[in-house]
Amino acid sequence: MAQKPAIPKGTRDFSPVEMAKRNYIFDTIKSVFVKYGYQPIETPAMENLSTLMGKYGEEGDKLLFKILNSGDFLAKANEQFLTEKNSVKTTTQISEKGLRYDLTVPFARFVVQHQNEITFPFKRYQIQPVWRADRPQKGRYREFYQCDVDVVGSDSLMNEVELIQIVDDVYNALGINVVVKLNNRKILTGIAEIIGEADKIIDITVAIDKLDKIGLDKVNEELRQKNLSEGAIEKLQPIINLAGTNQEKVETLKSVLKTSEVGLKGVSEIESVLEYLATLTITTEVELDLTLARGLNYYTGAIFEVKALDVQIGSITGGGRYDDLTGIFGLKDVSGVGISFGADRIYDVMNTLDLYPKESIVSTQLLFVNFGEKEALYSLKALQHVRAAGIKAELYPDSAKMKKQMAYANKKEILFVAMAGEDEILENKITLKNMSSGEQSLVTVEEAISIIQK
RNA sequence: GUGGUUGUAGCUCAGUUGGUUAGAGCGCCGGAUUGUGGUUCCGGAGGUCGCCGGUUCGAGACCGGUCUUCCACCCCA
């Protein structure tokens, strides 16, 4: 056999059935975004490395897919870097473009570049693939879709509330049980402030995050390993052990952070968001969780994460507020807040729970059997009426054996089959067969339409 | 990036301490049934055993490398 073709690690093909399912997810998400007044944009798959580099931390830079320059790029490379085999420095000379790593940074670039055409507050959504040179695992791909909603140019906490409503709406529509975890970067900053370890905030949250897995003693041990003083660890105890209702957590934080201005600001922000939410009808549970440390590189206020309750998979949605993001591109004082739905992980969750409504994945509803040229032409006319009524219908293109045509309908899970042979043509009718019940009857095209539309 | 794991027909997997022409189930194609699928019966096609190299008289089995899969860490959707 010839060499088997393959696709790169961490990428996937999608069959028609898989596409139907994925489109159902995308359409559902999109319709919610639109319902809240967000508008779509798209940005190129590749960006200049200068806009991408340094936005995701050192780790992120390594995970960027870089695109080789065109032409004789090695001729322009510094010889010393080449002989030193210095990959980092050589890369900057032979590559100036990269594949986008997320949709937030390209969006920030978009906002800055189009600031004079944009009306603020700008509410946009963006559904496009992103690429990461990560090592693939389950629920972790090198090419995957993100569905981002962001609003820039507004400091109002109403935006945070709206985003949680959107999450609630999307997951209700999809039928996935989730919990929204909420945190605030200002609280984390405040905590670091009062224990005098401002630079260790990431180590602290990473350690606290392991509480469920490894227990309190091991968490404290890890904190010691990260060179935190005993006094600092002591002060952290009420925070690590933070429990109870959101209200109780807020009260604890207020007293722990009473000497930190930033910390209290964060607490009051969360309190406001929770208060607003309480006046609305939200079915999703919202939980204050200090261990959320995601995106610390640019989040400055609220931090969100959504986890599926019935499937073990990483977070399926995440986001937060970033006050300074466009600042990197030269536009100051534009605050943004947004979240990103991970379509591929949602897809995995939907599949394991089999949550697709049947009608969302049917392709053809009605197949006309082909008995020959004359009959096919009769069917073609009937098809025009059927399609005009909004029914997805097709004619088997060849006058193959009946058995083969029926098997085709069966395989494609077509709901109804229409047969129009000599007898039917004489009566100006068709024989309509329900493929799941096996029942069939001689009806007019109009009658067939109403049966199918039921 | 670190450590581990996996790879035999389209799919799920057998394959005995290395020993002749590599098997099953499902699926696929054809027939039984010249206007009726999903059941049944009969027949058929399809594999340089992930790839490259090594050990051996002999490798799907052993060794090395490489790619791939999945897992943990890291990070994250």
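Keep in mind the model is a prediction, meaning the values are calculated, not measured. Every chain is numbered from 1, with letters handed out A, B, ... down the list of sequences.
A search for side-chain hydrogen bond (donor to acceptor under 3.5 Å, both in side chains) contacts involving A/Asn159 returns A/Ser154, not counting sequence neighbours. Listed by chain and number, the residues in a side-chain hydrogen bond (donor to acceptor under 3.5 Å, both in side chains) with A/Thr444 are A/Glu447 (sequence neighbours excluded). A/Phe144 is linked by a ring-ring contact (aromatic ring centres under 6.0 Å, His included) to nothing, counting only residues two or more places apart in sequence or in another chain. Remark: A/Tyr171 engages A/Phe341 in a ring-ring contact (aromatic ring centres under 6.0 Å, His included) (not counting sequence neighbours). In terms of the ring-ring contact (aromatic ring centres under 6.0 Å, His included) criterion, A/Phe416 has no residue partners (sequence neighbours excluded). Considering only residues two or more places apart in sequence or on other chains, A/Tyr141 meets the ring-ring contact (aromatic ring centres under 6.0 Å, His included) condition with none of them.
Between the side chain of A/Asn183 and the main chain of A/Leu290, a donor-acceptor pair closer than 3.5 Å is present.
B/rG4 and B/rU12 have their C1' atoms separated by 25 Å, given to the nearest Å. Nucleotides B/rG38 and B/rU33 place their P atoms 15 Å apart, quoted to the nearest Å. Taking atom C1' on both nucleotides, B/rG25 is separated from B/rU21 by 23 Å, rounded to a whole Å. Of the P atoms belonging to B/rU20 and B/rG15, the separation is 16 Å, rounded to the nearest Å. B/rC62 and B/rG44 have their C1' atoms separated by 38 Å, with the value rounded to a whole Å. Across the C1' atoms, B/rG53 and B/rC67 are found 15 Å apart, a figure rounded to whole Å. The separation of B/rU39 from B/rC76, taken at their C1' atoms, amounts to 49 Å, rounded to a whole angstrom. The separation of B/rA45 from B/rG10, taken at their P atoms, amounts to 15 Å, rounded to a whole angstrom.
Within the 4.0 angstrom heavy-atom criterion, base atoms lie near A/Tyr141. Counting any heavy atom pair closer than 4.0 Å across all strands shown, A/Gln146 reaches sugar-phosphate atoms only and no base atom.
At whole-Å resolution of the value, NZ in A/Lys412 and P in B/rG38 are 18 Å apart. Distance CG (A/Asp134) to C1' (B/rA72): 14 Å, rounded to an integer number of Å. If you measure from atom CG of A/Asp102 to atom C1' of B/rC75, you get 14 Å, rounded to the nearest angstrom. When the P atom of B/rU69 is taken as reference, atom CD of A/Gln137 falls 12 Å away, rounded to whole Å. Rounded to whole angstrom, the span from the CG atom of A/Asp61 across to the C1' atom of B/rC74 amounts to 16 Å. At whole-Å resolution of the value, CZ in A/Phe65 and P in B/rG1 are 11 Å apart. Rounding to whole angstrom units, NZ of residue A/Lys138 and P of B/rG4 are separated by 22 Å. Going from atom CD of A/Glu59 over to atom C1' of B/rU2 covers 11 Å, rounded to whole Å.
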Would you check, one step at a time, whether the test ring-ring contact (aromatic ring centres under 6.0 Å, His included) holds for A/Tyr408 with A/Tyr396? CA-CA 9 Å; A/Tyr408 173 84; A/Tyr396 196 89; 5.1 Å; yes
Scoring nucleotides 30-37 of chain B by protein non-hydrogen atoms under 4.0 Å (B base, S sugar-phosphate only, - none) yields SSB--BBB
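Pairs engaging residues 172-182 of chain A under the salt bridge (charged side-chain N to carboxylate O under 4.0 Å, His left out) rule: A/Lys181-A/Asp289 [sequence neighbours left out]. Legend: side chain to side chain donor-acceptor pair (under 3.5 Å) pairs involving residues 15-29 of chain A, not counting sequence neighbours, sorted by first then second residue: A/Ser15-A/Glu18, A/Arg22-A/Asp344.
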Nucleotide-level pairing of RNA chain B, given in dot-bracket where Watson-Crick and G-U pairs need both distances under 3.5 Å and | marks other strands: ((((..(..((((.....[...)))).(((((.......))))).....(((((..]....))))))..))))....
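With no hydrogens or angles considered, a side-chain donor-acceptor pair links A/Ser436 and A/Asn434 at under 3.5 Å.
In the interface, the side chain of A/Arg135 is paired with the base of B/rU2 through a donor and an acceptor atom under 3.5 Å apart. You'll find a donor-acceptor pair under 3.5 Å spanning the side chain of A/Arg345 and the base of B/rC76, going by distance alone.
Comparing A/Ile7 and A/Gly342, the nucleotide of RNA chain B nearest to each residue sits closer to the 5' end for A/Ile7.
Taking the six-membered ring where the residue is Trp, A/Tyr347 and A/Phe14 present perpendicular rings, their angle passing 60° and hence far from 30°.
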With a cut-off of 3.5 Å and sequence neighbours excluded, list every side-chain donor-acceptor pair involving residues 41-48 of chain A.
unit_1	atom_1	unit_2	atom_2	d
A/Thr43	OG1	A/Gln126	NE2	2.9
A/Glu47	OE1	A/Arg109	NH1	3.0
A/Glu47	OE2	A/Arg109	NH1	2.5

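Contacts between residues 8-20 of chain A and RNA chain B, counted as heavy-atom distances below 4.0 Å, involve A/Lys9, A/Gly10.
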